[in-house]
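What follows is a single structure, written as structure tokens, with notes after it.
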There are 2 protein chains.
Amino acid sequence: MPTKSKDSWKIPKVAVAVDLAVLTVRDDELQILLIERAISPFRGQLALPGGFIASEREDIDAAAVRELAEETGLDANTLHLEQMRTYGTPERDPRGRVVTVCYLAVVPDLPLPTAGGDARAAHWEPVRTVLDDSTSVAFDHGSIIADAVDRARGKLEYTTLGAAFCASPFTISELRHVYETVWGQRLDPRNFHRKVTGVEGFLVATGERTTRDGGRPAALFRRGDARLMHPPILRAAKQ
Amino acid sequence: MPTKSKDSWKIPKVAVAVDLAVLTVRDDELQILLIERAISPFRGQLALPGGFIASEREDIDAAAVRELAEETGLDANTLHLEQMRTYGTPERDPRGRVVTVCYLAVVPDLPLPTAGGDARAAHWEPVRTVLDDSTSVAFDHGSIIADAVDRARGKLEYTTLGAAFCASPFTISELRHVYETVWGQRLDPRNFHRKVTGVEGFLVATGERTTRDGGRPAALFRRGDARLMHPPILRAAKQ
DNA sequence: GAAATAGTGTCTCTTAGACAATATGCG
DNA sequence: CGCATATTGTCTAAGAGACACTATTTC
């Protein structure tokens, strides 16, 4: 905090933006929501949704919620949204100094409400193609996306974030599929079932069951109130 | 990121600061480094060390390192420093809009090099007295400190951050004392010993031993290269 | 030897992981 | 019934937690 001995000197002011890393599991892949930039710099390139704070009075979290609605049509009340990290190297934006506060959002694979609003060409892209550089993104958004994926992978272990990837109500198979996709790792269906049903507050049974082509119908659940999972579900150790 | 359809409108600029939550274990307590504010607002009150970025060109991480040196005399090369979270509610600073990027630092209990520089009245305060409001701090620094403590407590579980609280070389007893103090929880010395010595890369034996009054001398260790601990040391479940 | 602290070993119980068996729908 | 998927159960091995014992120093 400001505690300079001399009060009399100019405090530099910089532009503050928010960026959103919106993740989902879709087509058996972890995917991220990208938009096509309409303006320079990086015009026409893919980038994270986001933007500058609207005024000097706008709260940062509120700006994230607003940009989410404006650029993707998504409603922050229906999804997981958390602040992730701030990126502030001086050269990260060619127009000048921009400090951006990044948020991680997790949504189920539902049709994007791109209909109205400012949503231009928002679409899903597998994170795989971003991480291996076969899809290039604007600014330093590549490393932001890498950070977001790391964060999501880690949080599946010790929080109930996995359920935020599932449209409610969901089956345990669907939840397991989220874990398998995000971690890129197969999990034993029976052990997974035992584990997640044993975590108090993770899942709330609706009493309903799926109706489907073949196979026994699965029980349907909603996300419970628990946010932390204790003990965690650990990934296999680094290979 | 900036992707407004209309390019022609004023981008609000705000002051950006960095704040430092420097933690140590001292006198059997988790303590935090606070300074006495020399200027208004909150003049004379305790606050986290920190300050505005020096210029439009200064990197955020660099600003944290600089403020750490200026306000506490500590050298970022000798300690653990990581970005924690950004605080940006509009009313958090009475002087106007200030967005502050907060860093968590962890240091061993060594004499503060307060001798030279800008270090004014930097001193250690038990976090307990801040968390229970018996010590009041400026701005929203109370909740920042609470977040920093949460972060540190959590990171002891699945990282080797604990060793950053110890002056090198250190004994396993000293490391255990860090865990016990930060978590506020007794740990079995024998199980702890077995656990931490079993984590590859956590501890590097120096071959030296302590010399002391009574009791068998303890082996001395340095911090190893490992930063993540797999599997983690879990705290007892919430009681 | 007594006191103090370090370090090793052992036992038990919980739980993760592998895998078999049963349940319940559909055609 | 046969197929497909869900769910429960069983076994084993690894690890956490409790606790006893041995080791090495100083006085």
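Throughout, protein chains are lettered first and strands after them, A, B, ... in sequence-line order, and every chain is numbered starting at 1. Quick caveat: nothing in here was measured; it's all calculated off a predicted structure.
- Between the side chain of A/Gln31 and the backbone N or O of A/Arg26, at least one donor-acceptor pair lies under 3.5 Å.
- When each of B/Leu34, B/Asp27, B/Leu112 is tested with B/Trp124 by the rule side-chain contact (heavy atoms from CB on, under 4.5 Å), just one qualifies, namely B/Leu112.
- Atom CE in B/Met229 sits about 15 Å away from atom P in D/dG15, given to the nearest Å.
- Between the CG atom of A/Leu234 and the C1' atom of D/dG15 there is a distance of 12 Å, rounded to whole Å.
- Sorted by first and then second residue, the ring-ring contact (aromatic ring centres under 6.0 Å, His included) pairs with a member in residues 191-225 of chain B read B/Tyr179-B/Phe192; sequence neighbours excluded.
- Considering only the side chain of A/His193, D/dT7 comes nearest among D/dA16, D/dT7, C/dG7.
- Rounded to a whole Å, the CG atom of B/Asn191 is 12 Å from the C1' atom of C/dC11.
- If you check every strand for non-hydrogen atoms under 4.0 Å, A/Thr171 touches nothing.
- Taking atom CD1 on B/Ile233 and atom C1' on D/dG17, their separation rounds to 14 Å, with Å as the unit.
- Counting distance only, with no hydrogens placed and no angle test, the side-chain atoms of B/Arg216 and the base atoms of C/dA4 include no donor-acceptor pair under 3.5 Å.
- Donor-acceptor pairing under 3.5 Å, judged by distance alone, is absent between the side chain of B/Arg194 and the base of D/dG15.
- Distance alone, capped at 3.5 Å, is enough to place a donor-acceptor pair between the B/Arg151 side chain and the B/Met84 backbone.
- Between B/Phe192 atom CZ and C/dG7 atom P the separation is 12 Å, expressed in whole Å.
- Distances shown here put a side-chain N or O of A/Lys195 below 4.0 Å from the OP1 or OP2 atom of C/dA16.
- Between the P atom of D/dT24 and the CD atom of B/Glu208 lies a distance of 18 Å, rounded to the nearest Å.
- Counting distance only, with no hydrogens placed and no angle test, the side-chain atoms of B/Asp188 and the base atoms of D/dA16 include no donor-acceptor pair under 3.5 Å.
- For B/Tyr179 and D/dG17, the OH to P distance is 13 Å, given to the nearest whole Å.
- Close to C/dT5, at under 4.0 Å from its OP1 or OP2, lies no side-chain N or O of B/Ser173.
- Around atom CD of A/Gln185, more than 12 heavy atoms belonging to other residues, nucleotides or ligands sit under 6.0 Å away.
- Following rounding to the nearest Å, A/Arg186 (CZ) and C/dC19 (C1') show an atom-to-atom distance of 16 Å.
- Side chain of B/His141 to main chain of B/Leu48: a donor-acceptor pair is present (N/O by atom type, distance under 3.5 Å, no hydrogens or angles).
- Checking A/Gly215 against B/Ile172, the closest nucleotide of DNA chain C that is more toward the 5' end is the one next to B/Ile172.
- Within residues 217-226 of chain B, the residues having any heavy atom under 4.0 Å from DNA chain C are, by residue number, B/Pro217, B/Ala218, B/Ala219.
- With hydrogens and angles ignored, no donor-acceptor pair under 3.5 angstrom links the side chain of B/Arg190 to the base of D/dG17.
- Side-chain N or O atoms of B/Thr210 include one that pairs as donor or acceptor with a backbone N or O of B/Ala218 at under 3.5 Å.
- Judged purely by atom type and a 3.5 angstrom limit, A/Thr160 uses its side chain to pair as donor or acceptor with the backbone of A/Ala226.
- Heavy atoms of A/Thr197 sit nowhere under 4.0 angstrom from any nucleic acid atom.
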